[in-house]
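The figures that follow rest on heavy atoms only: side chains count, while hydrogens, waters and symmetry mates do not. Just so it is clear: chains get the letters A, B, ... in the order the sequence lines come, proteins before strands, and each one is counted from 1.
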Amino acid sequence: MRDVLLTVVRGLGFGSVYALLAVSFVIIYKSSKVVSFAQPALMLAGAVLVSYLAGPVGFYLAVPLAAVAIGMLGWGLERTTIRPMIGRPVFVVAIITLGLDIAIRVVVNVFIGPDVRNVGDPWGLSTVSIAGLPVQERYIAMAVVLLVVGAGLFAFFRYSRYGLAMRASSLDQETALVQGVPVGSMTALAWAMAAGIAAVAGAFVGAGGGVDQSTWVIALKALPAIIIGGLDSIGGAVVGGLLVGLVESFFATYQGEYLPWLGQNFALVSPYVLLLVVLLVRPYGLFGTREVERV
Amino acid sequence: MTAVREPSSESPTPTPAPAKGRRPLGRPLLHTAYGQDMALLNTGAKKVSVLVLLVVALLLPFLLEDDLLRLLATGCVLAIGAIGLNLVTGYAGQVSLGHAFFLGIGAYTAAVVSGDPDDDRLWGLGITFLPVWLLAGGLAAALVGLVVAPLASRLRGLYLAIVTLGLVFLGTHVWNEWDAVTGGIGVGRPAADPVLFGVDLSRRSEVFSADQQLYLLMFVLLCVFALLGRNIARSAMGRSFAAVRDRDIAAEVTGVDVRKVKRRAFVISGFYAGCAGALLYSITGYLDPSSFGLLLSVQFVAMVLIGGVSTISGSIMGAFFIALLPRLTRELPEYLPFMSSSATETPNVFQVETLLYGLLIVAFLLLEPRGLFGLWVRIRNYWKAWPFSY
């Protein structure tokens, strides 16, 4: 029982980070109908920036600063490479983001160097005892960040003018334009927000273990999450992210014991198995909108 | 796609067009029959240039250094893989980021078929005859393509891209863990031996060096696969691919069996990828499970996009471009003194190389979406109309 609970806590902790990443994918998808393969690079860039800033200004200030900086980077990317591609097939734009991802990661890797970089988080691997369970503090921090960012996003989309404008332009760009919504700026804003959220997620991916040149792969685990949740549902992304975290955590704990023939580290690829299973049953994810097709 | 022609009351039954129309004298570019338009070499210039290219390519082994020939041989094999990806992604419009997975299946099947049967660490059947392991690799990957294809008929666009991306990760996991086939992480295994009629082409013979033989072998194979690809593209199958790509529902309405077309596209693409995988590592003679990661898939996507989407010649150009890119970046330290050729210093040529993959994809998509083939078309059209602007 204790094992099960600890597994659940770890799953929800990492699941929160996956959920954050998934939210960043979904925000971009809703604004420009593109799955941004640049998110891994933006996440890594955020984590590295935090690792450099945490020394001088402290971790708590470094995270928002990095989020703003990477947000600006996301804004710049949208302006320079995504904006000229409006009206072109989404596949082409997705491949452009793939190219951006590769290019940015080369630059970021230079700043990481060959070793693991500590992001300077205050938690490390220390634990706190909750009802007799030794829960790692970083899992609590991850969950709290998801709650804070999620609540902030909810309030933003529900109550602010810009949130309303963004929802309008994702619903129907032309109609939104007619109503005076600057759709282009909203897309840029979406990219900036998504990049910022990815940077925050990056800081928490690095919490406890630090980041190295291969950490970017973690961001791709958000892809199963958004597919499971449906590409255009933020709530679905959160559920999908937590689900992916739980599945991965349970495989990490129990697969070696019950399914040893799947090999070591199967937990790392288990989200993709989950992805295949979900898509075979529900092609548009659990919460996605079914596309209505016409010729 | 069946050609049912019902007699209509309004128009008289059309007279069947002559199967092979005659070109009017002095108008070599005027096509009077569909067959002429769809011919493999439909203009005189193409006939001449293809002939020249063939002759030059066959002369190259006697003109170039061995290391460059090896690079060109790799380019030929990459081109086979790129044609495969172009058929499924460019012609049939089914975005696949899982090409590396199919390459891996082909490479390992071939390695197992050709492997040493006495080795108790690795599986091996000991059949080193090239056509056998090549076909085995291709067919194994095609079979997996058949298994994956139902996913494509349920999913579209980016959903499919993400699922195929997942396949790469699952594949990498399998390669890392299945020691009996792959040798395991960091150990690897010998790849298939290119033996043809008792001659091991990867060893120096009396007449040719190993690289000359490999280049000629890969070049001939590329010609076969390219011709096959071109014929698929210009036949009914290619047209049904294009119909599904352009609008699958419209294709279905006009009588194209979309599921069948997608299945065919994945099977053919898998076959190409499997063959390319089997051949690619027989050049270096060694394969490591970490080779079949996302970067390999991205490289193939880059070949297709840089070369030109839905063109066979473009795929070949793109493949050679990507194959020769490392060679070009290796030259950089001579011209840029701050550039290092050692992997541990910064900035080094390997970083530049990876950066270029990324930036070139972005630049080509932004500036010339038709890729190198598009650049060629521009040049051709300029000179066709010269000295007029159009």
Please flag which part of A:L268 lies under 4.5 Å from any non-hydrogen atom of chain B: side chain, backbone, both or neither.
neither
Could you tell me whether the side chain of A:V93 reaches within less than 4.5 Å of the side chain of B:L365, counting heavy atoms only?
no
Just do the side-chain contact (heavy atoms from CB on, under 4.5 Å) check on B:Q351 and A:N109 with the steps written out, would you?
CA-CA 9 Å; B:Q351 292 167 338; A:N109 281 345; 5.7 Å; no
Cut-off 4.5 Å, heavy atoms of chain B, and the answer for A:L275 is side chain
Side chain from CB out, backbone as N, CA, C, O: work out which of these in A:I95 comes under 4.5 Å of a heavy atom of chain B, or both, or neither.
both
Please look at B:P369 and chain A and tell me whether the side chain, the backbone, both or neither of the residue comes under 4.5 angstrom of a heavy atom of that chain.
both
Picking from B:V362, B:L355, B:T354, what satisfies side chain to side chain contact (heavy atoms under 4.5 Å, CB included) with A:I102?
B:T354
Working to the nearest 0.5 Å, report the span between CZ of A:F266 and CG of B:N176.
13.0 Å
Is the shortest heavy-atom distance from the side chain of B:L97 to the side chain of A:L98 under 4.5 Å?
yes
Step by step, would you call B:L170 with A:L276 a side-chain contact (heavy atoms from CB on, under 4.5 Å)?
CA-CA 11 Å; B:L170 289 176; A:L276 286 176; 3.6 Å; yes
Could you name the residues of residues 69-82 of chain A that have a heavy atom within less than 4.5 Å of a heavy atom in chain B?
A:T80, A:T81
Whatever's closer than 4.5 Å to a heavy atom in chain A on B:L360 counts as neither
If you round to the nearest 0.5 Å, how far is CZ of A:F91 from CD of B:Q94?
11.0 Å
Heavy-atom pair count under 4.5 Å with chain A, highest-scoring of B:V163, B:I162, B:I361, B:L359:
B:I162
Heavy-atom distance under 4.5 Å to chain A: side chain of B:V301, backbone, both or neither?
side chain
Measure A:V217 against the heavy atoms of chain B and call it side chain, backbone, both or neither at under 4.5 Å.
side chain
If I measure from the heavy atoms of chain B, does A:R88 come under 4.5 Å with its side chain, its backbone, both, or neither?
side chain
Does any backbone or side-chain atom of A:F37 lie under 4.5 Å from a heavy atom of chain B? Answer side chain, backbone, both or neither.
side chain
B:L165 portion near chain A, given a 4.5 angstrom heavy-atom threshold:
side chain
Max heavy-atom pairs within cutoff under 4.5 Å with chain B, candidates A:L100, A:L220, A:I96, A:V273, goes to A:I96
Pick one of side chain, backbone, both or neither for B:T89, based on which atoms fall under 4.5 Å of a heavy atom in chain A.
side chain
Over 12 non-hydrogen atoms of neighbours within 6.0 angstrom of OH in A:Y254:
yes
Look at the aromatic rings of A:Y272 and B:F169 and report parallel, tilted or perpendicular, splitting at 30° and 60°.
parallel
